[in-house]
Amino acid sequence: MSEIRKLAVAYATLLLLLALTVGSSFIDLGGFNSGLNLAIAAAKAAIIAVLFMHLAAAGTLPRLAVAAAGLWLAILFGLTLAGQWGGGS
């Protein structure tokens with residue numbers, strides 16, 4: 001796939017995810033809104049990281065660092081949502 005086509009597909013996908021984010025703000029899903037918007041944001045970040053940081057062609061060490069950062073981010077998201085749903089202040 002040519003570079004221009006990859007960028008065009010990424011652009012269209014990011015616009016679609018943006019539309020999903022805006023659309024989810026108009027729908028009352030309770031506490032699920034936060035989780036949904038965080039998942040959409042993670043998908044956007046993954047697209048940008050793979051495309052612009054060239055993680056698909058990188059070696060093992062950068063992938064390991066990205067996986068560790070993703071795991072840490074998931075832990076922080078989980079703690080944030082646990083505080084929200086658990087009645088924390």
Side-chain angles (χ1 to χ4, degrees):
M1 186 182 300
S2 72
E3 190 67 26
I4 299 294
R5 183 172 166 92
K6 284 182 189 177
L7 292 174
V9 168
Y11 179 70
T13 306
L14 287 171
L15 282 179
L16 176 70
L17 290 171
L18 174 65
L20 282 174
T21 303
V22 172
S24 73
S25 70
F26 292 109
I27 301 171
D28 185 24
L29 299 174
F32 188 65
N33 272 83
S34 297
L36 178 65
N37 288 331
L38 287 174
I40 293 171
K44 290 178 194 176
I47 291 169
I48 290 170
V50 168
L51 205 71
F52 296 111
M53 295 175 66
H54 305 287
L55 291 180
T60 306
L61 189 59
R63 287 184 186 171
L64 182 61
V66 169
L71 176 64
W72 181 246
L73 191 61
I75 290 169
L76 291 176
F77 283 166
L79 290 172
T80 300
L81 293 175
Q84 180 181 2
W85 289 333
S89 33

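Model, not experiment: these values are computed from the prediction.
- From Leu71, atom CG reaches atom CD1 of Ile75 across 4.5 Å, with rounding to the nearest 0.5 Å.
- Evaluation of the side chain to side chain contact (heavy atoms under 4.5 Å, CB included) rule for Leu15 yields Tyr11, Leu18 as partners, not counting sequence neighbours.
- Scored by the side chain to side chain contact (heavy atoms under 4.5 Å, CB included) test, Leu76 finds Trp72 as partners (sequence neighbours excluded).
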Show which side-chain atoms of residues 29-53 pair as donor or acceptor with protein atoms under 3.5 Å away, not counting sequence neighbours.
residue	atom	partner	partner atom	Å
Asn33	OD1	Leu29	N	2.7
Asn33	ND2	Ser24	O	2.7
Asn33	ND2	Ile27	O	3.3
Ser34	OG	Gln84	OE1	3.4
Asn37	OD1	Ser24	OG	2.7
Asn37	ND2	Asn33	O	3.3
Lys44	NZ	Thr21	OG1	3.4

